[in-house]
Amino acid sequence: MSPNKFRKLKREFYKRNLLEVTKNLLGKIFVVQGEHFKLSGKIVEVEAYHGEHDEASHAFRGKTKRNEVMFWEGGYLYVYFTYGAHYCANVVVGKKDEGQAVLIRAIEPMEGIDKMKINRFEGRSIKDMSLLNLTNGPGKVCKAFGLNKMHNGIDLTKNHIFILNQPNLKKNEIGISRRIGISKSVDLKWRFFIKDNPYISRK
DNA sequence: CCACGGATTGGCT
DNA sequence: GCCAATCCGTGGA
């Protein structure tokens, strides 16, 4: 067994510098382990949200009931509801009270694809039910992996929802851009994605 | 107390 | 490319 390759990321991984953790999360394996099923996929697109100096961050105006998990120490899942319809999942980063998180924007599906398709498409009339349309957006990721407000605050170092280690990507394998869908702090280039990966939400 | 708008999505002009 | 759907946390009055 290689020592780290398939091991769960530990608390220390998440408590480091925000942008380092954000880039290091690319290529890692996100896992939801149920009693009778397992869903997993490779993280291919992420965005960083800082606690200070970042007006687009939920944490910018301080702690509230909604965003309190963002102020926990790194390694917890922050799930919030938006646009009256969608959930978005974030990995909390840094030390307690820093208010930093990484939004998981897209995943390349690996295990449990049939169940993901049921989660995401069943009971809705969606024309494009292809694999490429399964998890290529933050709301889609939550739908496919069955994430909702019940999972807000889940500890990623435990056995239900966690992230498996993989080698860090090389610099030239990572694409960088402005973040998507925000109206403040729009110039920060804090979106990172795996270049040429077909499962990202957009170019 | 109430109006606003959002870290989105999907379908249509 | 454009826009409506749809809920509720947040913040101003």
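Since the structure is predicted, the reported quantities are computational estimates derived from the model, not experimental observations. Chain letters run A, B, ... following the sequence lines, proteins first and then strands; every chain starts at 1.
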Between P of B:dT9 and CZ of A:R124, the distance in whole Å: 10 Å
Could you run down the sub-3.5 Å N/O contacts of the protein with nucleotides 3-7 of chain C?
| from | atom 1 | to | atom 2 | distance (Å) |
| --- | --- | --- | --- | --- |
| C:dT6 | O2 | A:Y83 | O | 2.3 |
| C:dC7 | O2 | A:G84 | N | 3.4 |

Given that A:Y78 and A:D128 both sit by DNA chain B, which one's nearest nucleotide is further toward the 5' end? A:Y78
Write down the distance between NE2 (A:H50) and C1' (B:dA7), rounded to a whole number of angstrom. 16 Å
Could you give the CZ-to-P distance, from A:R202 to B:dA7, as a whole number of Å? 14 Å
Looking at A:K143, I'd like to know whether one of its side-chain N or O atoms comes within less than 4.0 Å of OP1 or OP2 on B:dT8. no
Heavy atoms only, 4.0 Å cut-off, all strands: where does A:L103 land among base, sugar-phosphate and nothing? base
Taking the side chain as every heavy atom from C-beta outward, state whether A:F145 and A:N119 have any pair of such atoms under 4.5 Å apart. no
Between atom NZ in A:K140 and atom C1' in B:dG10, what is the gap in whole Å? 8 Å
Can you tell me which nucleotide in B:dG10, B:dA7, B:dG11 comes closest to the side chain of A:N133? B:dG10
Please report, rounded to the nearest Å, how far the P atom of B:dT8 is from the CD1 atom of A:I104. 14 Å
State the pairing partner of B:dA7; accept Watson-Crick or G-U wobble contacts with both distances under 3.5 Å, and report none otherwise. none
Does some side-chain heavy atom of A:Y199 sit less than 4.5 Å from a side-chain heavy atom of A:L132? yes
List, with names and distances, any nitrogen or oxygen atoms from the protein found under 3.5 Å away from nitrogen or oxygen atoms belonging to nucleotides 10-13 of chain C.
| from | atom 1 | to | atom 2 | distance (Å) |
| --- | --- | --- | --- | --- |
| C:dT10 | OP1 | A:T64 | OG1 | 2.1 |
| C:dT10 | OP1 | A:R66 | N | 3.4 |

Is there a Watson-Crick or G-U wobble partner for C:dT6 with both distances under 3.5 Å, and if so, which one is it? none
Is it possible for you to say whether A:I43 and A:V32 belong to one hydrophobic cluster, with membership spreading through side-chain heavy-atom contacts below 4.5 Å? yes
Provide, to the nearest angstrom, the distance between the CE atom belonging to A:M70 and the C1' atom belonging to C:dG9. 15 Å
Under 4.0 Å, counting only non-hydrogen atoms across every strand here, what does A:R178 touch: a base, just sugar-phosphate, or nothing? nothing
Do A:Y78 and A:H58 get their side chains close enough for a donor-acceptor pair, meaning under 3.5 Å? yes
Atom CG of A:N136 to atom C1' of B:dG10: distance rounded to whole Å? 12 Å
Checking contacts here: which listed nucleotide (B:dG11, B:dA7, B:dG6) is nearest the side-chain heavy atoms of A:R105? B:dA7
When all nucleic acid strands are considered with a 4.0 Å heavy-atom cut-off, which category describes A:S185: base, sugar-phosphate, or nothing? nothing
Taking the six-membered ring of A:F121 (Phe, Tyr or Trp), confirm whether the NZ or CZ of A:R124 is under 6.0 Å from its centre and within 45° of its axis. no
Flag yes if more than 12 heavy atoms outside A:K195 fall under 6.0 Å of its NZ atom; otherwise flag no. yes
Inter-nucleotide P distance (B:dC2, C:dT6), Å rounded: 23 Å
Send over the distance from A:I126 CD1 to B:dC12 C1', rounded to a whole Å. 16 Å
A:N136 versus A:K140, side-chain donor and acceptor atoms under 3.5 Å: yes
The reported gap from CZ in A:F192 to CD in A:E173 (rounded to nearest 0.5 angstrom) is 15.0 Å
Are any non-hydrogen side-chain atoms of A:Y14 and A:V92 less than 4.5 angstrom apart? no
Side-chain heavy-atom pair A:L39, A:F30 within 4.5 angstrom cut-off: no
